[in-house]
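These numbers were taken from a predicted model, which means no experiment stands behind them.
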Amino acid sequence: MNDRRQRWILVAAVGVCMLVGAIVPGPRAGADPGGATLDRMASLAESGRFLDLLEVLRERPEGPAARLVQALERYQANESRRMAERQELYEQAIEKMAGEAEAGRVEDALIAAIDAHRQAQDEATVLVDPAVVSLVERVEAAAGDAEAAEDWLGALTYYQLLDLLYENRRRYESELDRTRRHVRLIQVYAPEHFEALRAARREAREAALAEAEAEAAAEAGDDAAGDDADDSAADDLAADPIGQIDHEPWQERLEGVELRMFRQALRQTARRHISGGGFVPLMRGGVEQLQLLINTEALAEVFPGLADGQRVRDFRRELDTIAASLDEPGRELTVLQANRLLDRIDAANARTIELPEPVLAYELTEGATGTLDDFSSVIWPREQERFTRSLEGRFFGVGIHLSRREGRLIVISPLPNTPAQRAGIKAGDAIVEVDGQDTSTWSLDRAVRHITGPEGSKVRLTLQREGETELIEQDVRRAEIPIESIRGWEYTSDNAWRWMIDPDERIGYVRLTQFIPQTATDLDEAIAEMRESGGLEGLILDLRSNPGGLLSAAIDVADRFVEQGPIVFTVDASGRRTYEGSARRDRTYRESFPVVVLINGSSASASEIVAGALQDYGLATIVGSRSFGKGSVQDPFTLDRGSAILKLTTQYYMLPAQRIIDRRPDAERWGIEPDLVVDMTRSQQHAAQEARLEADTLWDPAQREGHARAADLLEDGLDPQLEAALLLLQTRVIAGQMQVAQRPAE
């Protein structure tokens, strides 16, 4: 019987005793009320009242409780500091918002409003503040002006910032969709024009920041303004609303794309997508995308037909006629009728603007799938290898974690026991060339495509290392790189994972980064290692920022904790069950231990299945913030004999307690709600992620000094969610030790 069920039984028993209190004797004079203290300890920890728990334990500081008191006092100090920092950042943001708004810099004022909203103790008060309401109106007007001027990058930035302020509540959904599609078209087909827009935006942004700094310096009577205290996602977004891009020519990106792929995708989608909308909305979406394309002036530089006004008008007229027919009340299409409309579009294109076939097929597909959910899409020929590799959980390369910073590809860390580590590649190295090709304009996707390759083949990496003037050329032979699906608390000296986050209380820590075929087996090995090294009294299962993966892997992981019964169902649009994944007793860990599962807003899909199943069975306490709400099933359908893949949402996941967690447009509830909510501000998340990344890095011994360790996450209070999870388990373990200590000797 698991601990949570034991607590439920205890609560029920206490309730019965209260009902028949007249015949239940009270405690004898001088009796030890330790049992009541232990019950209260568990209750306070489960509800996150750690400071109240500290006050209880200070009355009984002897024995095992002394260790818990020490951990709680550290939490108290960290929480006091976090609250003070949060209030200070809130006040700074409010003051900055007022100053920037007064100076007419509405974008920076909005960024400050976003920061204030996230730091406020009562977030709702910020959104109804008259100054914020007035600011929002000014930004909406600025966004409209940007659209009118065809400054799609600027308009997109404004709407993204407004969306951030309202916490992605879809208030600006249509505006975001429209501007994103315009920006994508320019980015894909006119990258030079896109870069010009980006450069102009960057210069304007830098000028605004310089002006603000000069004003701040003048007010302070100094030569320079101080740095902002917070790391803001909104600041990053304003500086670069798109993030990294790939300058790969559209001809290469769309290599192998043909119109017949769209025809096949259209037929499969109309038949199988869970919306059951048929052909009409799909065709309407495709037509609207083409209308958007011909109304994007920058593309006339790329496709000559778009520079001919008469040809564009003729094509627009045909599209408008088709769109009007699709909007007729009650209109439905058969597959034959849909194909005839597509023939009309193809013929009109051929006699007017003459878009290349790959462009026509690609944009029709983007428009059609854009009417569906966020997870239905086509995997085109150039993307298939990466997609397949992500499902298989194996690839061949050199073994490095990469990032893109300040226009350079940076090695975050070599992976242990890989060709990169054996070749001496170090964290912080910049990869300036791959096989002689300059990487300054490469995206991460493009870098991965060039650095990975057939097993045994070589790739030449040209590195720039900090402190060295000469470039380093290194030939590295590719090998199979095991994809790491689980990680531990910290690396040992021999580059293996140490699993114990609290060796004294025997509490383990496992991060699941994705769900691939070997995930459950890797978890088994970690659990076995912890047990063999001295036992396992509790486990933190960290699923934060885990985007999911294979359904079978999620079922296998949940099965390690659920003895029997359903783990997940799939249901169709009508709610009819189409599949049941169940637990098997022979796969469950024989010895139970308390489990805390950590989740956040980026925990999705398979992560939500595991967390939700354990929550439904009362086998784990869920800590953190509400999960993403990706509770849908995508089935793959091959197109053009396997040249491309249609990934289509056909079902929803349902958890054992009969709840569907998908964030559908009309859903009022979605995702997994934690049993103990511990929210983190953006600045806290950033600090925790940076520290975790540094702690996970395989540093050269000469580089190790000054970089974060895993212990800093707790000692410095950088990760309050992790801290709460650990305190909860420490309380349960130590309460058990105290209970044993109170038993009379036989």
Side-chain angles (χ1 to χ4, degrees), residues 177 180-181 184 188 246 253-279 281-283 285-286 289 358 361-395 445 448-449 483 514-517 546-555 568 570-573 578-579 581 602 604-609 628-653 660-665:
D177 178 65
R180 278 175 177 154
R181 289 197 290 163
R184 183 192 63 78
V188 171
D246 200 332
R253 183 192 296 263
L254 305 189
E255 183 181 355
V257 176
E258 298 182 5
L259 201 54
R260 64 171 174 265
M261 295 176 179
F262 173 66
R263 294 181 189 273
Q264 295 169 11
L266 189 69
R267 185 168 61 252
Q268 292 281 18
T269 303
R271 290 175 54 200
R272 301 180 184 275
H273 189 264
I274 196 165
S275 66
F279 289 100
L282 298 173
M283 286 300 299
Q289 181 62 26
Y362 184 77
E363 294 307 324
L364 282 166
T365 307
E366 288 292 300
T369 57
T371 67
L372 307 173
D373 60 286
D374 292 339
F375 307 103
S376 293
S377 63
V378 171
I379 311 301
W380 298 107
R382 292 274 292 184
E383 302 164 342
Q384 273 217 62
E385 181 183 350
R386 184 183 178 193
F387 176 73
T388 304
R389 187 173 64 216
S390 69
L391 294 180
E392 293 176 346
R394 61 195 297 253
F395 74 100
D445 285 347
V448 169
R449 286 201 304 270
I483 297 179
Q514 58 186 318
F515 288 87
I516 55 179
N546 182 323
L550 296 176
L551 172 62
S552 58
I555 293 172
V568 65
T570 61
V571 297
D572 60 20
T578 55
Y579 167 79
S602 298
S605 192
S607 299
E608 296 175 288
I609 290 171
F628 183 85
K630 197 278 184 184
S632 56
V633 183
Q634 284 73 48
D635 287 327
F637 301 94
T638 58
L639 304 176
D640 196 29
R641 299 181 180 180
S643 298
I645 298 172
L646 171 65
K647 187 160 62 81
L648 204 61
T649 297
T650 58
Q651 301 162 89
Y652 293 120
Y653 293 125
I660 293 176
I661 59 173
D662 195 62
R663 187 178 183 178
R664 292 167 288 177

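Summarising the geometry, atom OH belonging to Y652 is positioned 5.5 Å from atom CZ belonging to R664; distances are rounded to the nearest 0.5 Å. In this structure, the separation between OG on S643 and CD1 on I379 is 14.0 Å, given to the nearest 0.5 Å. Here T650 contributes atom OG1 and R272 contributes atom CZ; the two are 9.0 Å apart, rounded to the nearest 0.5 Å. Here the straight-line distance linking atom CD1 of I645 with atom OG1 of T638 works out to 8.0 Å at 0.5 Å rounding. Note that CD of Q651 is 12.5 Å distant from CG of D662, once rounded to the nearest 0.5 Å. In this structure, the separation between CZ on R663 and CZ on F628 is 7.5 Å, given to the nearest 0.5 Å.
Summarising the geometry of E366 relative to T369, their closest heavy-atom pair is O-OG1, 3.5 Å, with the distance given to 0.1 Å. Residues G367 and Q289 come closest through the heavy atom pair CA-CB, 3.7 Å. Taking both residues in full, the closest heavy atoms of G549 and A606 are given as N-CB, 3.9 Å, listed atom of the first, atom of the second, then distance. Of all non-hydrogen atoms in A361 and F262, the two that sit nearest each other are O-CB, 4.3 Å. Taking each heavy atom of V257 and Y362 in turn, the nearest pair found is CG1-N, 4.2 Å. Across every non-hydrogen atom of A573 and I274, the tightest pair is CB-O, 3.4 Å.
One N or O on the side chain of E608 and one on the backbone of K630 form a donor-acceptor pair closer than 3.5 Å. Judged purely by atom type and a 3.5 angstrom limit, T371 uses its side chain to pair as donor or acceptor with the backbone of A368.
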Between L259 and L364, does a side chain to side chain contact (heavy atoms under 4.5 Å, CB included) hold up when you go through it step by step? CA-CA 9 Å; L259 201 54; L364 282 166; 4.1 Å; yes
Might you work through the salt bridge (Lys or Arg N to Asp or Glu O under 4.0 Å) test for E258 and R263, ending with a clear yes or no? CA-CA 9 Å; E258 298 182 5; R263 294 181 189 273; over 6 Å; no
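Under a cutoff of 6.0 Å and an axis angle of 45°, R271 and F637 do not form a cation-pi pair.
Residues I660 and V571 have side chains in contact (heavy-atom distance under 4.5 Å, counting atoms from C-beta outward). Side-chain atoms of T365 and M261, non-hydrogen and from C-beta on, never get closer than 4.5 Å to each other. Taking the side chain as every heavy atom from C-beta outward, L551 and Y579 approach each other to under 4.5 Å.
Side-chain polar atoms of T570 and T578 form a donor-acceptor pair below 3.5 angstrom. Using modelled atom types, one finds a donor on one side chain and an acceptor on the other under 3.5 Å when comparing T649 with S376.
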